[in-house]
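Below is one structure, written out as structure tokens; the observations come after it.
When a ligand or atom number is given, it counts from 1 through the structure's own listing order. All of these numbers come straight from a predicted model, not from anything done at the bench. Values reported hereafter were calculated over all heavy atoms of this structure, with side chains retained and with hydrogens, waters and symmetry mates removed.
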Amino acid sequence: MIEKVLEEFKKKFGADGDIRCYFAPGRVNLIGEHTDYNGGHVFPCALSMGNYAVARKREDRKVRWYNMTYPNDGVKELDIDTFAPNNNGIWYDYQAGVIWALKENGREIPSGYDMVMLSDMPAGSGLSASASIEEIPAVICRDLFDLPIDMVECAKLGQYSENKYNGMNCGIMDQFASAMGKKDCAIFLDTATLKFDYVPLNLKNEKIVITNSKVKHKLAGSAYNDRRRESETALADLQKAVDIKTLGDLDEKGFEANKDAIKDEICKKRAKHAVYENQRTIHAVEALKKGDLEAFGKLMNESHVSLRDDYEVSCPELDVLAEEAWKIEGVVGSRMTGGGFGGCTVSIVKNDAVEEFQKQISKVYKERTGLDCEFYIADASDGARRLTD
Ligand code: GLA
């Protein structure tokens with residue numbers, strides 16, 4: 001991959017000077033969905049798929065960017081002093097957003113840079129291609145201009161730019177996973193404090209199988225912001241009854257004792273999901289550390305049901321994928337992953353059942369939806385970085 005990008009860079013912008021290579025991954029979340037803006041825990045891992053980039057510093061205030069994934073956009077030549085928030089959400093807006101976020105946070109870059117990038121992951125599939133696109137400029141600027149920022153700050157910059165430049169009110173999970181991923185581990189992150197733990201996956205007899213539904217329903221962005229508002233309303237009601245800062249401060253018992261403080265029934269369901277999902281995530285990680293994969297899988301299944309019924313962010317296609325997976329022998333657990341309304345499911349499948357799983361799911365998915373799904377075996381990988389060899 002990176003050789004192809006390097007070759008294109010030299011063709012477009014010349015082979016001289018200090019040319020550097022970078023990679024930023026997408027992510028898959030194993031459990032802990034829609035908890036990251038509710039002060040809860042998440043448990044994602046970075047993937048080996050993502051965006052590759054090649055960059056070289058310039059002396060002036062210009063950038064020249066080319067994305068081989070979207071060749072029709074041509075080379076974008078822009079002035080870094082003109083970047084201002086918009087909601088267009090095109091790949092170069094994600095680049096510009098991070099440079100703008102750096103400036104907003106007192107880390108202005110001294111000059112522009114030339115860059116060529118290329119993705120090897122499916123866009124719009126809920127595997128955070130957008131976080132990977134944001135971590136590319138973060139890691140490039142950090143390295144090219146020797147900025148005194150660590151990778152946690154790179155994650156925060158990505159989220160800040162997505163919230164304030166691109167108008168998507170996301171939490172920190174995706175950018176954190178892309179920036180901080182570690183090979184063969186998932187990240188147990190407390191989104192209220194940003195304290196985290198790398199938990200080895202130790203899957204010798206199982207694989208993490210991602211199934212792409214190949215659908216992305218239009219309401220995803222606006223419904224996401226709605227869910228966030230509904231959770232905030234529930235929190236404000238609860239705070240009149242109990243002293244908490246976030247929904248993540250409550251456990252199941254605390255929620256049941258105080259839930260009637262939430263006036264609106266829909267908001268009550270949203271809060272129930274946020275509280276129970278956070279607890280499920282904590283229990284799931286405990287189970288994994290003890291080697292109790294069966295318990296982990298059961299919690300994944302419960303997570304899907306809660307996202308389907310209480311948080312209402314699933315869709316018929318994701319439900320078919322998860323529900324059919326639950327029927328297959330050798331499937332430890334299966335659930336939708338990411339924001340929802342399309343995208344992917346994540347399943348833990350015994351090695352010797354993976355083939356049958358793919359055969360069976362492809363067949364039933366086609367029968368029930370008329371669509372073809374796609375599979376990827378997740379390979380938990382390191383986070384965004386400069387590639388040195
Ligand atoms: C999207 C957001 C994340 C997170 C998930 C749901 O991926 O970008 O911050 O909220 O949805 O868990």
* Structure fact -> For M173, the atoms of ligand 1 under 4.0 Å from one of its heavy atoms are 4 (C), 5 (C), 12 (O)
* Any R27 heavy atom less than 4.0 Å to ligand 1 -> yes
* Asked: Against heavy atoms of Y224, which atoms of ligand 1 measure under 4.0 Å?
  -> 1 (C), 2 (C), 3 (C), 4 (C), 9 (O), 10 (O), 11 (O)
* Between N258 (side chain) and F255 (backbone), is there a donor-acceptor pair under 3.5 Å? -> no
* Can an N or O of H34 be found at a distance shorter than 3.5 Å from an N or O of ligand 1? -> yes
* Pull out every atom of ligand 1 sitting under 4.0 Å from any heavy atom of Y37, numbered as shown with elements. => 10 (O)
* Asked: With only distance considered, is N29 within less than 3.5 Å of ligand 1 through an N or O on each side?
  -> no
* Give a yes or no answer on whether the side chain of N105 reaches the backbone of A101 with a donor-acceptor pair at less than 3.5 Å. => yes
* When you measure from the side chain of D382 to the backbone N and O of K183, does any donor-acceptor pair fall under 3.5 Å? -> yes
* For the pair S303 and R335, evaluate side chain to side chain donor-acceptor pair (under 3.5 Å) and give the outcome as yes or no after the intermediate values. => CA-CA 7 Å; S303 163; R335 55 180 287 276; 3.0 Å; yes
* Asked: Pick from V285, V42, I31, L30: which one makes a side-chain contact (heavy atoms from CB on, under 4.5 Å) with F188?
  -> V285
* To do: For atom 8 (O) of ligand 1, grab the closest protein heavy atom and report residue, atom and distance to one decimal in Å.
  => D174 OD2, 2.6 Å
* Look at the rings of H34 and H273 and say which category their plane angle falls in: under 30° parallel, 30 to 60° tilted, over 60° perpendicular. => perpendicular
* Could you say whether the N/O atoms of G171 and ligand 1 ever approach to under 3.5 Å? => yes
* Structure fact -> shortest atom 3 (C) of ligand 1-to-protein heavy-atom contact is with D36 OD2, 3.4 Å
* Apply the side-chain hydrogen bond (donor to acceptor under 3.5 Å, both in side chains) test between E8 and each candidate in K12, K4, K10; give the one that qualifies. => K12
* **Numbered atoms and elements of ligand 1 in range of C170, under 4.0 angstrom, heavy atoms** => 2 (C), 8 (O), 9 (O)
